[in-house]
A.B. asks: 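Please find one structure pasted underneath; my questions will follow.
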Amino acid sequence: MRTIKKTVLSLLIGFCPMAGFGQKAQIDKLFKLAEQQTDVMLKEIPAVSQANAKAPLVSPRTLSPTRALQLVAARDWTSGFFPGELWYLYEYTGKDKWKEEARAFTAKLENEKNNAGTHDMGFKIYCSYGNGYRLTKDPAYRDVIIQSAKTLTKRFKPAAGIIRSWDHHKEVWQCPVIIDNMMNLELLFAATRLTGDSAFYKVAVAHAKTTMKNHFRPDNSTYHVIDYDTLTGKVLKKNTHQGYSHESAWSRGQAWGLYGYTMCYRETKDKTFLEQAEKIARYMLDHPRMPKDLIPYYDYDAPGIPNEPRDVSAATVMASALYELSTFSANGKHYRAKADQVMKNLAANYVSPVGQNKGFILLHSTGSKPANSEVDVPLSYADYYFLEALLRQKALK
Ligand code: GLY
């Protein structure tokens with residue numbers, strides 16, 4: 001009887017125009033919370049000591065084991081997320097206050113446009129300057145985006161068809177490429193749109209195609225790190241760095257892949273990218289070890305499941321990607337419903353109480369479990385993709 005009542009109720013909600021109002025109210029509520037938390041964070045930031053820093057600490061990243069706010073220098077891969085969150089707050093609320101803060105935090109990253117020592121340019125510059133340009137059309141932001149894309153393409157290895165990810169661990173890998181690198185391609189597509197120079201686009205497409213060939217297993221899960229011989233393009237190693245083992249499926253890596261191939265389809269309309277994104281979505285959503293609330297464990301193959309840490313950042317990247325995928329895929333309704341489920345569960349069980357956790361919005365992310373670093377903590381990128389997913393959810397209504 002209870003099941004019948006529940007089914008009738010959910011059918012009614014499904015057809016009821018009021019359901020849309022409920023979702024709008026929920027999005028409003030979560031942005032209100034995000035504003036309150038960001039106010040807290042803006043008060044906390046100046047109190048963080050710069051005393052032992054080699055370079056100015058500019059953006060929040062996480063909380064330390066003693067729950068102190070951790071800031072990072074501009075060169076850190078996470079430095080663009082907080083400016084990006086400020087741009088999203090401005091986009092949703094239209095308040096000048098958020099635009100001014102966004103401008104101030106974005107400006108601190110400008111020198112990164114010339115930093116060729118990392119592949120993380122898209123994370124740093126597209127989340128900050130990219131959103132800033134989208135919302136203001138400031139020509140100075142456009143110039144930073146173009147210069148950053150030029151710098152990033154210096155890492156392209158034509159014979160192998162990939163952009164080199166890391167320069168560290170030279171004793172382990174000759175030319176490592178991580179699945180995360182798919183996220184940096186959005187900057188290159190933007191640079192071609194802004195300049196009319198197809199060179200950036202070609203590098204992005206080559207990287208996406210080579211990654212599609214070498215990173216994925218027959219079950220459609222992705223490896224984290226692929227090591228290349230840059231002269232022959234031969235794959236030397238298939239490894240992990242932040243996952244449980246070389247043959248396991250690190251959750252955030254799967255989410256980066258899902259987001260990356262969805263974005264590549266948006267930019268190219270190449271059907272093989274859409275199919276790849278759909279395959280990853282199926283892997284993530286239908287996996288027997290995906291928890292009922294759709295917030296993944298840090299790795300699908302972590303041996304202690306269900307007593308393993310979750311990774312909320314994997315959930316927010318996945319949700320944001322699923323909203324976009326829902327606009328392209330014949331299976332769109334399903335993906336949108338799953339993303340809605342993730343957002344509902346995050347709102348119900350994973351948000352910080354107002355005024356706590358130094359102003360982070362979401363709890364329970366995992367940076368690197370094998371390194372015992374940032375386990376079960378807030379992370380700025382979980383919050384960034386959460387706000388992006390909320391904006392996408394709103395746009396789809
Ligand atoms: N891009 C680094 C990470 O996902 O942890």
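Whatever order the structure lists ligands and atoms in, that order sets their numbers, starting from 1.
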A.B. asks: Is the shortest N/O to N/O distance between Q242 and ligand 1 below 3.5 Å?
C.D. replies: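 Between Q242 and ligand 1 (N or O atoms, distance only) the closest approach is under 3.5 Å.
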A.B. asks: Quick one: are the ring centres of Y381 and W77 less than 6.0 Å apart?
C.D. replies: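 Between Y381 and W77, the centre distance is under 6.0 Å.
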A.B. asks: Compute the centroid of each ring, for Y385 and then for Y259, and state whether the two points are separated by less than 6.0 Å.
C.D. replies: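 Distance test on ring centres: under 6.0 Å, yes.
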A.B. asks: Tell me if the aromatic rings of Y88 and Y384 count as close, with their centers under 6.0 Å from one another.
C.D. replies: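 Ring centroids of Y88 and Y384 are less than 6.0 Å from each other.
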A.B. asks: Nearest protein heavy atom to atom 1 (N) of ligand 1, by residue and atom, and its distance?
C.D. replies: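 Result: D180 OD2, 2.7 Å.
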A.B. asks: Does NZ or CZ of K271 come closer than 6.0 Å to the centre of the six-membered ring of F273, within 45° of the ring's axis?
C.D. replies: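 Geometry flag: not set, cation outside 6.0 Å or 45°.
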A.B. asks: Are any of the N/O atoms in R252 less than 3.5 Å from those in ligand 1?
C.D. replies: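 Yes - when backbone and side-chain N and O of R252 are compared with those of ligand 1, one distance drops under 3.5 Å.
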